[in-house]
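Note that the coordinates shown come from a computational prediction; the quantities given were computed from them, not determined experimentally. Both counts, for ligands and for their atoms, begin at 1 and track the order of listing.
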Amino acid sequence: MTSPASKQTGSTSEQPFEYQSVEVLKGVGPSVAAKLEKLGIFRVQDLLFHLPLRYEDRTRVVPMGSLRHGQHAVVEGTIEHAEVRYGGKRRSGRSLLCHVADGTGSVLLRFFYFNAAQQANLIKGVRLRCYGEARYGYHQVEMVHPEYRRLFDQQEAIVEETMTPVYAKTEGVHQTLLRNLVDQALQKLGDERLQEYVPEAILKQYGFPELQQAIQLLHHPPPETSLGLLEQCKHPAQQRMIFEELLAHQLSLVKLRQRVQKQQAVRLSLSAKQRKLFEGALEFDLTPAQQTVIDEILDDLAKPAPMMRLLQGDVGSGKTVVAACAVLAAVASGKQAAIMAPTEILAEQLYGNFCNWFSAKPCVLLTGKDKGRLRESKLEAIANASASIVVGTHALFQQDVEFKRLALMIVDEQHRFGVHQRLALIDKGRFSGYIPHQLIMTATPIPRSLAMTAYADLDYSVIDALPSGRKPVTTVVISEQRRQEVLDRVARACANGEQAYWVCTLVEESEVLQCQAAEETARILQLALPGLSIGLVHGRMKQDQKNDVVYQFKQGAIKLLVATTVIEVGVDVPTASLMVIENAERLGLAQLHQLRGRVGRGTKQSACVLIYSPPLSDRGKQRLAVLRGTNSGFVIAQKDLEMRGPGEVLGTRQTGLMQMHIADIVRDAHWLKVVNTVSRHILQQHPDKVQPLIRRWLGHAERYGSV
Ligand code: ADP
Ligand code: MG
């Protein structure tokens with residue numbers, strides 16, 4: 001997110017250089033500056049912290065005889081033979097081949113695109129220095145389109161003095177420009193010094209180099225630096241930066257929390273009698289886990305500081321009814337509550353729940369599809385508070401949505417909402433000096449240590465047990481070749497009065513393809529199971545159609561629901577008891593777990609059939625075995641973490657939950673404890689360091705601080 005504030009952070013050179021705008025550098029005018037912003041680079045300092053993605057070793061010439069397949073290397077030799085060959089599969093129909101030898105071996109250079117000048121230059125006897133990737137070809141080692149330079153003089157300047165950095169770039173800002181700008185920034189760094197914020201004791205204890213040194217090294221690693229360590233982000237210089245970045249993030253969230261806590265919220269209270277009444281009217285008894293969490297929430301709501309709580313509970317653990325208790329406290333206190341869901345299907349479903357539980361209270365559903373007069377009348381009801389409970393999608397964010405007395409904001413299925421959205425919510429709900437309480441609900445299982453970092457601005461509640469009477473879903477893994485057996489099973493289940501999901505998954509990003517595949521599957525299934533009423537939902541259907549199909553499925557008119565992964569999040573049809581997932585080997589464990597969570601919600605014994613296309617790799621087998629072995633989201637998350645290693649368990653990358661330069665809270669989780677301790681130390685002992693540190697790493701996201 002770009003903020004005008006950070007752009008204004010002066011372009012005058014009187015400021016410490018760290019805060020100077022990149023425009024003070026040679027070669028940066030307004031247009032380049034605008035492009036750099038896309039990389040989060042506003043100030044000179046940001047360039048220093050724009051660390052290379054990887055490195056190329058051009059510091060030494062590698063003997064051709066020792067080249068390994070896949071190795072990127074500089075080689076040097078003489079052209080022994082060059083020829084243009086015609087034919088072949090390439091478009092141009094010809095290629096230039098140069099055999100280069102250095103006495104230890106030889107390399108074949110292949111150029112599919114070349115001009116007359118190149119052809120004239122690359123002839124027998126010419127000495128070349130090349131950089132490229134060595135590959136084992138048919139007869140010998142090859143390099144396709146290497147970078148090359150003609151050598152005229154035996155003593156020609158030796159290769160690079162340090163490893164060559166490769167940066168993340170963006171359109172219009174190429175590698176050479178970035179390298180040049182970083183070098184200018186490093187030059188300035190030579191004259192002035194960057195503040196060191198990591199306590200000396202920590203530097204010592206973990207063998208971290210000082211900031212200045214680390215930055216130098218990371219942009220220009222000397223030849224003896226281990227590329228292996230750098231590639232795995234394990235070099236002490238990287239570890240140090242990772243540590244500092246995690247620290248900055250932690251501090252920013254703690255600060256955010258402190259700021260929010262200083263604000264006023266309306267106290268919401270619920271009498272024991274009202275609570276009893278509500279619970280008594282439910283069609284089930286709340287579990288002890290739900291009760292505990294409700295207690296925690298009601299405690300928070302009764303305080304004059306805004307609640308900021310994350311509620312985590314596995315799929316099907318019953319978070320919605322917990323949310324309803326919070327809503328009850330708001331409406332009982334004469335205030336408004338808003339509940340936001342990530343999709344219209346879910347919003348619709350929540351709306352259904354709330355209408356049912358609060359039949360006496362006016363509920364409004366606001367989604368993107370509300371238009372014209374209808375929308376206006378809803379907005380009016382929200383603005384004059386005749387609507388006490390407002391359920392919606394992102395549409396709730398829109399400018400013209402104004403609440404009269406919003407006192408509670410609930411966000412369901414949090415993994416699609418990042419810190420920024422949380423902040424936007426606060427703004428939305430501000431009324432006469434108060435900000436709303438916030439409850440954020442997620443089914444993404446996160447180990448506690450991670451949660452404490454990713455959500456350091458939030459309190460944390462967990463529903464750690466499913467409602468009793470649930471039978472764990474039985475999971476089987478079946479090869480695509482035994483599809484017929486699966487069909488028979490679906491037919492039998494539906495004949496027995498059960499309902500089933502059939503989930504089509506395609507790994508392709510294209511939604512069009514996914515939807516086509518689902519349509520095709522529905523057609524084939526209908527042919528195979530002629531008597532069965534089959535419905536279809538996918539992402540490209542109109543919202544009305546989707547809702548209609550889901551509704552019919554809920555009512556039992558549709559027995560088999562063919563779907564893309566749109567049903568992944570939250571759809572609740574307790575009578576469904578069979579889930580078939582195609583191409584299961586291609587999905588992440590967390591996603592499979594979410595999908596499977598759609599069944600096993602009633603008291604019936606439910607089953608999940610994971611279909612895979614053989615051959616299945618060993619890892620693939622292991623992964624599916626994890627699902628067969630457990631129904632616990634936490635166990636699955638933990639295994640996923642172990643098996644994927646540095647992965648994206650949280651999906652933080654996509655959500656922007658924590659956008660970091662170099663750290664990865666999953667891969668670098670082992671630092672979190674120390675980071676926690678150190679951040680507390682800094683807050684207490686060196687409060688003056690907090691802002692600069694946050695600014696250094698999150699400068700472009702200054703909204704963090706502006707609540
Ligand atoms: P999630 O946590 O995945 O959002 P839901 O709130 O949708 O779960 O609840 C899943 C299902 O379990 C719903 O049908 C809900 O009515 C039911 N449910 C919730 N709490 C209980 C309970 N204590 N006992 C029995 N069923 C419950
Ligand atoms: Mg839910």
ask   = Lys319 and Asp314: salt bridge (charged side-chain N to carboxylate O under 4.0 Å, His left out), yes or no, with the steps?
value = CA-CA 9 Å; Lys319 294 183 290 295; Asp314 211 343; over 6 Å; no

request  = Report the C-alpha distance between Gln312 and Thr442 in whole Å, list the side-chain angles of each, state the deciding distance to 0.1 Å, and finish with yes or no for side-chain hydrogen bond (donor to acceptor under 3.5 Å, both in side chains).
outcome  = CA-CA 5 Å; Gln312 197 170 27; Thr442 176; 5.3 Å; no

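Salt bridge present: Glu582 and Arg483 bring a charged side-chain N and a carboxylate O closer than 4.0 Å. Glu585 has no carboxylate O lying under 4.0 Å from a charged side-chain N of Arg623, or vice versa, which leaves the two without a salt bridge.
Here atom 2 (O) of ligand 1 lies nearest to Lys319 when heavy atoms of Gln349, Lys319, Gln594 are compared.
Residue Thr287 approaches ligand 1 through these ligand atoms, each under 4.0 Å from one of its heavy atoms: 23 (N). In summary, the atoms of ligand 1 found under 4.0 Å from a heavy atom of Val315, numbered by their order in the structure, are 3 (O). Within ligand 1, counting atoms from 1 as listed, the ones closer than 4.0 Å to a heavy atom of Asp285 are 22 (C), 23 (N), 24 (N).
Looking at Gln274 and Ser271, their side chains do bring a donor and an acceptor atom within 3.5 Å of each other. No hydrogens or angles considered: nothing links the side chains of Ser388 and Gln336 as a donor-acceptor pair under 3.5 Å.
Residue Pro574 places no N or O, backbone or side chain, under 3.5 Å from any N or O of ligand 1. Considering backbone and side-chain atoms alike, Gly318 places an N or O below 3.5 Å from some N or O of ligand 1.
Every heavy atom of Met441 sits 4.0 Å or more from the atoms of ligand 1. Ligand 1 lies within reach of Ser317, whose nearest heavy atom is under 4.0 Å from it.
Contacts between Glu283 and ligand 1, counted as non-hydrogen atom pairs separated by less than 4.0 Å, are absent for every part of the residue. Here Thr320 has heavy atoms under 4.0 Å from ligand 1 in both its backbone and its side chain.
Among Lys546, Glu519, Gln545, the one residue that satisfies the side-chain hydrogen bond (donor to acceptor under 3.5 Å, both in side chains) test with His538 is Glu519.
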